[in-house]
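In what follows, chains carry the letters A, B, and so on, assigned in the order in which the sequence lines appear, proteins first and then strands, with residues in each chain numbered from 1.
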There are 2 protein chains.
Amino acid sequence: MANKNFTTLFSESLDQSDLSAKQQAVLRASLELFSQKGFDRTSTRDIADRAAVSEGTVYKQFKTKDGILKAILEPFIHQVLPKAVTEFMVDMAQNATPTIDEFLEKAVKNRMKFALDNRQQLRILLQEITRNANLVSLIGKEAANIINSPLGNVIRKYQEDGQLVRWPLQRIIQYISGTVLTYLLPKVLAGGELDIDQASKETVEFVMHGLKPAK
Amino acid sequence: MANKNFTTLFSESLDQSDLSAKQQAVLRASLELFSQKGFDRTSTRDIADRAAVSEGTVYKQFKTKDGILKAILEPFIHQVLPKAVTEFMVDMAQNATPTIDEFLEKAVKNRMKFALDNRQQLRILLQEITRNANLVSLIGKEAANIINSPLGNVIRKYQEDGQLVRWPLQRIIQYISGTVLTYLLPKVLAGGELDIDQASKETVEFVMHGLKPAK
DNA sequence: TAATAATGAGTGAGTGGTCACTTATTAAAT
DNA sequence: ATTTAATAAGTGACCACTCACTCATTATTA
């Protein structure tokens, strides 16, 4: 499962960018501070100090404090996230298993790992989402892409097999995501370790069979 | 279903409190502004203006800006939420239905209505949760109380009836909450209307039977 | 009852401090 | 030598919070 995490992808895109070492340090420092203290409670002074750089240097490249936030979140939403989704979908499509339970457990495990590898960035995103309503719809649109993708086809195959209810994919993904989030959100927000194997097993157990007792 | 919404309860507790009309206006103004702009982006000047009151008046009662936030969130978490849960449980115990599906649909509908009636307060709570990790565990503890309560017994009865898997109640509630949240969160954060009847029907359909097709 | 005193909510002009952002100056790179 | 990067000392706006004072109401006194 060759999924790269965001930190890696972020570093790569930093290298590719024509930003100087110091400007890259600014972004890395901002990433840490925004995640730890939140955007509003991080001062540009804090950022400059953490990056071991003067405040003027911060403003040379990023004209405003919001510009720094954009420089972090926009690549995440428009490049890293789609790229990660694509890699994931290809992976999954190739690893399609005969039973959906097996497939789902792999997929869930994969996504949980990705999320935990990227707590920092997700924390910033969550903070922004609660303040910026249109981020919600933006991410919703990115999620909608799954439906028109190899992964969508894999899932549809299970429907045709009779292994999966014939609900709209959007609805199915909504429920799976929601269940996965009940395990992830507390860990992303409050920290602590998650037993991914256990959590993904439990998730599939519920998501597939619901709360009716097995006969 | 006599469940009062939070706005009512909030107003009631304001009336009961020995706060003067102006101090009540401060809290009401803060509630609106914190919800709209977020705590950090609301100044005490903003609050005073919106409440048509001097800044000194704001600080006469609430010694700090954080004090205002506490005055809004603490009653919500420690009085309003438990009170709402209690009323809800009593309601439910009285209306306990023979099948769990019916029961669940009522319960889910009830909770969705409560949440939508109180978007403002929930938005503030969500904003704070992303910054204040220990709020997560605090709310988790409140949720745990449900388990040791009449509602817990109602649910346990369905387990003994063989209508509900014998998982720990905490796990069952986790999944139901997660699924409900997939409908609620977008609406609370981004606005828009929710067809509660439809949503609660769909929720129960999934939560009870999962994604395996009915034979 | 009339005059006076005490009370406390309310006021708004400060106050010190922080913040995002600028600019004059210096160092480095080409 | 000239352009570019980096610095660090500003700068004004704004912020949370304070305080000396007002004034309407209530309690006390005569």
NA contact type, B:Gln61, heavy-atom cut-off 4.0 Å: base, sugar-phosphate, or nothing?
-> nothing
Heavy-atom check, side chain of B:Phe34 versus side chain of B:Arg123, under 4.5 Å | no
Nearest non-hydrogen partners of B:Ala190 and A:Val136, listed with the distance | CB-CB, 4.3 Å
Residue pair B:Lys201 / B:Glu105, side-chain heavy-atom distance below 4.5 Å | yes
DNA chain C nearest-nucleotide lookup for A:Asp40 and B:Ala52: closer to the 5′ end is B:Ala52
Of B:Ser20 and A:Tyr59, the one whose nearest nucleotide on DNA chain C sits closer to the 5' end is B:Ser20
Kindly check if the number of other-residue, nucleotide or ligand heavy atoms within 6.0 Å of CZ (A:Arg45) is above 12?
-> no
Specify the angle, to 10°, made by the local axes at the two ends of the helix from C:dT1-D:dA30 to C:dT30-D:dA1 when five pairs are taken at each end.
-> 10°
Identify the 5'-most and 3'-most nucleotides of DNA chain D with at least one atom closer than 4.0 Å to a non-hydrogen atom of chain A.
-> D:dA5 to D:dA8
Any side-chain heavy atom of B:Leu125 within less than 4.5 Å of one from B:Ile77?
-> yes
Please find the earliest and latest nucleotides of DNA chain C, in the 5' to 3' direction, that have an atom within less than 4.0 Å of any heavy atom of chain B.
-> C:dA9 to C:dG12
Taking atom types as modelled and ignoring hydrogens, do the side chains of A:Ser43 and A:Asp46 form a donor-acceptor contact shorter than 3.5 angstrom?
-> yes
Note: B:Tyr183 and B:Ala199 closest approach over all heavy atoms is CD2-CB, 3.7 Å
Touch class at under 4.0 angstrom, heavy-atom based, for A:Val53 against every strand present = sugar-phosphate
Sugar-phosphate only, base, or nothing, as touched by B:Thr57 at under 4.0 Å among non-hydrogen atoms | base
Under 4.5 Å between any side-chain heavy atoms of A:Lys65 and A:Phe39, yes or no?
-> yes
Hey, can you tell me if B:Trp167 and A:Phe206 have their rings parallel, tilted or perpendicular (30° and 60° cut-offs)?
-> perpendicular
B:Leu211 side chain reached by A:Ile176 side chain, heavy atoms, under 4.5 Å = yes
Modelled atom types, side-chain donor and acceptor of A:Glu32 and A:Gln36, under 3.5 Å = no
Mind checking B:Lys60 for me? I need base, sugar-phosphate or nothing, with any heavy atom below 4.0 Å counting as a touch.
-> base
